[in-house]
Amino acid sequence: MAFEMAVYEVVRLIPRGKVSTYGAVARCAGKGGARAVGSALARNPFAPEVPCHRVVRSNGALGGFSGQTEGPEMDRKTRMLRAEGVEVVKGVVDMDRFGVEPG
DNA sequence: GTTGTGACGGGTC
DNA sequence: CGACCCGCCACAA
């Protein structure tokens, strides 16, 4: 539980217009477990508080959203990112430009 | 306490 | 490149 809290804290720090990766968040949280981060965000009790849509996979793929890895929710995630200035092409983000290390 | 699972990551083939 | 396999951590049954 404490771990997930740390994850939410870190994710909340991700600046608008940028994105971070599960791995980066995991390390920043201090536990080192991308899967655990995904599991935590999947539940995301702080829906609007924690910008879970700013967390993507290390390869640039969006990953998932609202507990789903595909479907209309994914489109929403893409839109939100684009609305913040993040370029999303074919469901993939350029980590070299928008990827950031929280903390 | 053991087993199974998942919005993952990195290394091999 | 793309497909595959193994390893990682936290949580629920």
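Heavy-atom basis, side chains included; hydrogens, waters and symmetry copies ignored. Lettering of chains follows the sequences in order, A, B, ..., and the numbering in each one begins at 1. Owing to the predicted nature of the structure, the values given are computational and were not obtained by experimental measurement.
Taken to the nearest 0.5 Å, the OG atom of S66(A) stands 10.5 Å off from the CE atom of M74(A).
Counting 5' to 3', DNA chain C first comes under 4.0 angstrom of a heavy atom of chain A and last does so at the ends given by dG7(C) to dA12(C).
At whole-Å resolution of the value, CE in M95(A) and C1' in dC8(B) are 13 Å apart.
Applying the salt bridge (Lys or Arg N to Asp or Glu O under 4.0 Å) definition to pairs two or more places apart or across chains, none involves residues 56-65 of chain A. For residues 45-56 of chain A, the set of pairs meeting the salt bridge (Lys or Arg N to Asp or Glu O under 4.0 Å) definition, not counting sequence neighbours, comprises R12(A)-E49(A), R54(A)-E84(A). Legend: ring-ring contact (aromatic ring centres under 6.0 Å, His included) pairs involving residues 8-28 of chain A, not counting sequence neighbours, sorted by first then second residue: Y8(A)-F46(A). Listed by first and then second residue, the salt bridge (Lys or Arg N to Asp or Glu O under 4.0 Å) pairs involving residues 14-28 of chain A are R27(A)-E101(A) (not counting sequence neighbours). Pairs of residues two or more places apart, or lying in two chains, never qualify as salt bridge (Lys or Arg N to Asp or Glu O under 4.0 Å) while including a residue from residues 31-41 of chain A. Among pairs with a residue in residues 69-103 of chain A, none fulfils ring-ring contact (aromatic ring centres under 6.0 Å, His included), at least two apart in sequence or across chains.
Residues L41(A) and V11(A) form a side-chain contact, since some pair of their non-hydrogen atoms from C-beta on lies under 4.5 Å apart. Counting only heavy atoms from C-beta outward, the side chains of L62(A) and T78(A) approach each other to under 4.5 Å. Side-chain contact between V86(A) and D94(A): absent, with no pair of heavy atoms (C-beta onward) separated by less than 4.5 Å.
The stretch residues 2-24 of chain A touches DNA chain C through F3(A), E4(A), each having a heavy atom within less than 4.0 Å of the strand. Residues from residues 35-69 of chain A lying near DNA chain C, meaning a heavy-atom separation below 4.0 Å, are R35(A), A36(A), R43(A) in numerical order.
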When you compare the protein's N or O atoms with those of nucleotides 1-4 of chain B, which come within less than 3.5 Å of each other, and at what distance?
none

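By the side chain to side chain donor-acceptor pair (under 3.5 Å) test, N59(A) pairs with no residue at all, sequence neighbours left out. Shown here are the side chain to side chain donor-acceptor pair (under 3.5 Å) partners of E70(A), two or more places apart in sequence or in another chain: there are none.
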